[in-house]
Amino acid sequence: MNLINFELSLEMLHKLKAVVVTLIVGYLLIHGMVLLLNRVMFKKMSKQTRMLLTKGIVYAGIIIIGLIVINVLELKGVFATLLGAAGVLGIVLGIASQTSIGNIVSGLFLISEKPFELGDLIRVGDKLGVVYSIDLLSIKLKTLDNLLIRIPNQTLISTEVTNITKFPIRRMDIDLSVAYKEDLQRVIEVLRSIAQQHPLCLDEPEPLIITKAFNESGIDLIFGLWFEKSNYVQLRNGIFHDITRRFAEEGIEIPFPHLSVYAGEATKPMPVVTRS
Amino acid sequence: MIWKKLVLEPNTSYVWKAGRQQVYLQKRNKEWMLGICQSETAESGVVLGQSATPSEMPVWSSYTGDGGNELLVLPALPELPVVVRPIAPFQVLPGQTAVLYPDIPLTLQFYAGSRKKEHLIAEINSERLSQTWFGEPDEGLLAYVRYINFADAFQPPEQAEHHIVCPVRISNETQHVLPVERLLLHVDYLTVYTSESTLFTNEIRIKYHGEGQVSDVLYASQPPAVAKKAQQVNAPRSQRTHNVISRSFHIIKSLTQY
């Protein structure tokens, strides 16, 4: 009896050894393959394709290693029994993993549709961030203030996604208002010259200048400037400075609401003195 | 040939003036110090000289060196392509050839010690050029833009020290007038030559075969004929492949086609 037990445990030990060796060799092979591909092929690929291929290799490798382990441990019988019970288990698992499967399927649709890539700045609902990772069940966004947001793939499929950095150039629309006394033609010329003089403002496509509406305090305009997408912050800071400086130099008034303060019902409005 | 070789004495400031840009240079122990200032007025050319402390503090950058005090300064073309646009409308008549000499503000390349790629410590544009987009908003090329009066560009400029003259030969091989609205110059394929204090590039030859047809663009391998005693001072940034074909014209559709 002891001899049989000893033989069994010895056999088990051999199997365990084989499993450990399989796991180590498998791990090394998967990582070796990813490293090799990184050096040979991946350099020319986009971040997104690289990530998808790497994950594909890792997942396929794990499945193969799992099957080898089952084979080594001779768990085919157990596996077959499990499969027999899979009918009931399948229903239970199916109900339990409905959302996850939905997310995986949505993820596949997203990958094929490719509305964004790793590194793109996107807006999903009210969330704005850079695509940090695209996973089986969700994507992760890194917000501009360095927070991580996980958005399930299913949500992405059913929500409007705005890709801000998809195209190489963008337009920045600035809402402006000038006083009614101003000559609109001169204002437009000054705005054109501001755009021309800013080196990051693209010469073409031409800046868009539209007179929008007669408002309570002044005439509203839209000043749209085209720029290379990476220059957003630099241009935004620079152009506001340029507009205020040039308007002041040209004597163009930017109107703002005025408030009269009364000390009481019976008194006159408080006098206001304008100093130049 | 080295364009300018500077030997900097330790703890002494030098200033390099090119257009509105003023580059302050210093050697401190093993470090190179480079500071950039914008001046109100453009200098007529590249001026080199010892200088006291600048009136306006430049933005300094420091680079480690190998202890040598030689700095090589080479003229180069900008890192982006350049779109040349005429101030006034310009047309090439059918079967005619026009040779233009637009000038492009030069970029200064500073090399520590020797002219090796890894010794390039800074590149400074002598003029801030505005950017433009060549193509459609969803696909195209970022470039610098330069407005030229083509009427003045039929002869190479006599004095253009902080500019590089880029000869462009346009042949209209069609039976229609060719209105040139903008020219895209892939300056990274161009070699820089010096000739009697003027800097030139090799000639770009463009053959226009008609609307919808691909234009031939050829980059000459020799210095232009106008550059006598030309000597190469800088190599192209990129090695071109044969038969570089590029969209170099943007044709205004004639009113009859609308």
Side-chain angles (χ1 to χ4, degrees), chain A residues 44 46 113-117 119-122 161-173 189-210 222-239 241-243 245-246 249, chain B residues 18-21 36-42 59 78-89 102 104-107 123-149 179-185 247-253:
Chain A
K44 289 174 188 169
S46 69
E113 201 184 321
K114 224 176 168 184
F116 48 77
E117 288 193 0
D120 279 348
L121 180 70
I122 63 167
V161 178
T162 311
N163 189 336
I164 294 165
T165 51
K166 173 83 176 171
F167 300 123
I169 56 170
R170 286 174 62 194
R171 199 180 72 204
M172 180 191 293
D173 287 350
E189 277 164 22
V190 170
L191 287 174
R192 270 210 192 102
S193 129
I194 290 170
Q196 265 171 12
Q197 284 170 16
H198 200 293
L200 297 181
C201 173
L202 295 179
D203 176 74
E204 275 188 304
E206 280 181 11
L208 177 83
I209 303 170
I210 296 176
I222 297 174
F223 185 29
L225 302 159
W226 288 91
F227 63 99
E228 201 270 326
K229 64 182 177 187
S230 62
N231 294 330
Y232 178 79
V233 177
Q234 257 183 300
L235 178 67
R236 195 159 182 92
N237 287 336
I239 208 76
H241 177 263
D242 290 356
I243 292 169
R245 186 179 50 82
R246 276 298 296 278
E249 279 171 15
Chain B
R20 285 181 191 274
Q21 294 278 35
I36 302 166
C37 265
Q38 288 274 331
S39 71
E40 288 296 312
T41 51
V59 182
E79 74 285 8
L80 289 179
V82 178
V83 170
V84 175
R85 296 188 67 181
I87 292 170
I104 298 162
L106 67 83
T107 298
E123 282 199 40
I124 294 158
N125 293 330
S126 64
E127 206 174 286
R128 280 192 87 177
L129 288 167
S130 287
Q131 291 184 345
T132 190
W133 189 251
F134 193 83
E136 298 300 317
D138 56 343
E139 201 188 340
L141 199 63
L142 186 68
Y144 287 128
V145 64
R146 179 126 178 98
Y147 283 87
I148 301 272
N149 187 358
V180 181
E181 213 184 43
R182 49 186 80 76
L183 276 171
L184 176 69
L185 309 180
R247 297 170 299 162
S248 287
F249 285 105
H250 182 92
I251 313 300
I252 311 165
K253 285 182 182 172

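In the text below, chain A, chain B and the rest are named by the order of the sequence lines, each starting its count at 1.
Taking CD of E228(A) as the reference point, atom CG of L80(B) lies at 9.0 Å (rounded to 0.5 Å). The distance from the CD atom of Q197(A) to the CZ atom of R128(B) is 12.0 Å, given to the nearest 0.5 Å. We find the CD1-CD distance between I169(A) and E139(B) to be 11.5 Å, quoted to the nearest 0.5 Å. Taking CG of L202(A) as the start and CG of L142(B) as the end, the distance is 6.5 Å to the nearest 0.5 Å.
With a threshold of 4.5 angstrom between heavy atoms, L129(B) approaches chain A through N, CA, C or O but not through any side-chain atom.
Between P137(B) and P168(A) the shortest heavy-atom distance is O-CD, 3.9 Å. Heavy atoms only, all atoms of each residue included: Q131(B) and N231(A) are closest at OE1-ND2, 3.4 Å.
Crowding of E79(B) atom CD: a count of heavy atoms from other residues, nucleotides or ligands under 6.0 Å exceeding 12. At most 12 non-hydrogen atoms from other residues, nucleotides or ligands lie less than 6.0 angstrom from CZ of R192(A).
Using a 4.0 Å cut-off between charged nitrogen and carboxylate oxygen, R85(B) and D203(A) count as a salt-bridge pair.
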